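The first residue in the sequence is number 1, and the count goes up from there. Note that the coordinates shown come from a computational prediction; the quantities given were computed from them, not determined experimentally.
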Amino acid sequence: MSELDPAIHAPARLRLMTALHETLADGDEITFPVLQKQLGMTAGNLTTHLAKLEAAGYVTLVKTFAGRRPVTYITLTPVGRSAFRAYRTQLLDLLGGKP
């Protein structure tokens, strides 16, 4: 049995990846405040976990401005979506469930 993906396996990152996978279609994006509210995480905690997922290539963060206000858009990459599906299948197999 192979090890579960450590980039996803932390509880906060698993919640984050689940939310992105369930909320976003391919190529869609979500803003930082909307995701933060959806997950009920602090800005610092969300930033830390997004940085780890970005380093793994699972999400992309695009920082821009809407007028004078900074806006961060988060996208689940194809690699991230594939990694999440593999993680989910592996976890369900481990627990004896069906994907």
Contact list for residues 17-59, test ring-ring contact (aromatic ring centres under 6.0 Å, His included), sequence neighbours left out =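 Listed once each, the pairs are H21-F84.
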task = Apply side chain to side chain contact (heavy atoms under 4.5 Å, CB included) to the pair L16 and L35, showing each step before the final yes or no.
result = CA-CA 8 Å; L16 212 166; L35 184 59; 4.0 Å; yes
query = Rounded to the nearest 0.5 Å, how far apart are CE of M17 and CZ of R88?
reply =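 Taking CE in M17 and CZ in R88, the distance rounds to 13.0 Å.
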request  = Measure the spacing between OG1 of T48 and CG of L53 and express it to the nearest 0.5 Å.
outcome  = 11.0 Å
message = Has S82 got a side-chain atom pairing as donor or acceptor with P78's backbone, closer than 3.5 angstrom?
response = no
query = Any sub-3.5 Å donor-acceptor pair from E54's side-chain atoms to V59's backbone N or O?
reply = no
message = Please evaluate residues L4 and L91 with respect to the criterion side chain to side chain contact (heavy atoms under 4.5 Å, CB included), reporting the C-alpha separation (whole Å), side-chain torsions for both, the decisive distance (0.1 Å), and the verdict.
response = CA-CA 7 Å; L4 293 170; L91 184 59; 4.0 Å; yes
task = Would you list the pairs meeting salt bridge (charged side-chain N to carboxylate O under 4.0 Å, His left out) in which at least one residue belongs to residues 22-42, sequence neighbours left out?
result =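 Listed by first then second residue: D26-R81.
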ask   = What pair of heavy atoms forms the shortest contact from I74 to L24, and how long is it?
value =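 Looking at all heavy atoms of both residues, the closest pair is O-CD1, 3.9 Å.
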query = What pair of heavy atoms forms the shortest contact from L39 to A19, and how long is it?
reply =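 That would be CD2-CB, 3.8 Å.
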Are [Y] and [X] linked, directly or through intermediate hydrophobic residues, by side-chain heavy-atom contacts shorter than 4.5 Å (ILVMFWY only)?
{"X": "V79", "Y": "I8", "value": "yes"}
{"X": "L95", "Y": "L14", "value": "yes"}
{"X": "V71", "Y": "M41", "value": "no"}

key: For A10, side chain to side chain contact (heavy atoms under 4.5 Å, CB included) partners two or more places apart   =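 Partners of A10 under the side chain to side chain contact (heavy atoms under 4.5 Å, CB included) test: R13.
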request  = Show your working on side chain to side chain contact (heavy atoms under 4.5 Å, CB included) between Y73 and I30 and close with a plain yes or no.
outcome  = CA-CA 6 Å; Y73 292 98; I30 190 169; over 6 Å; no
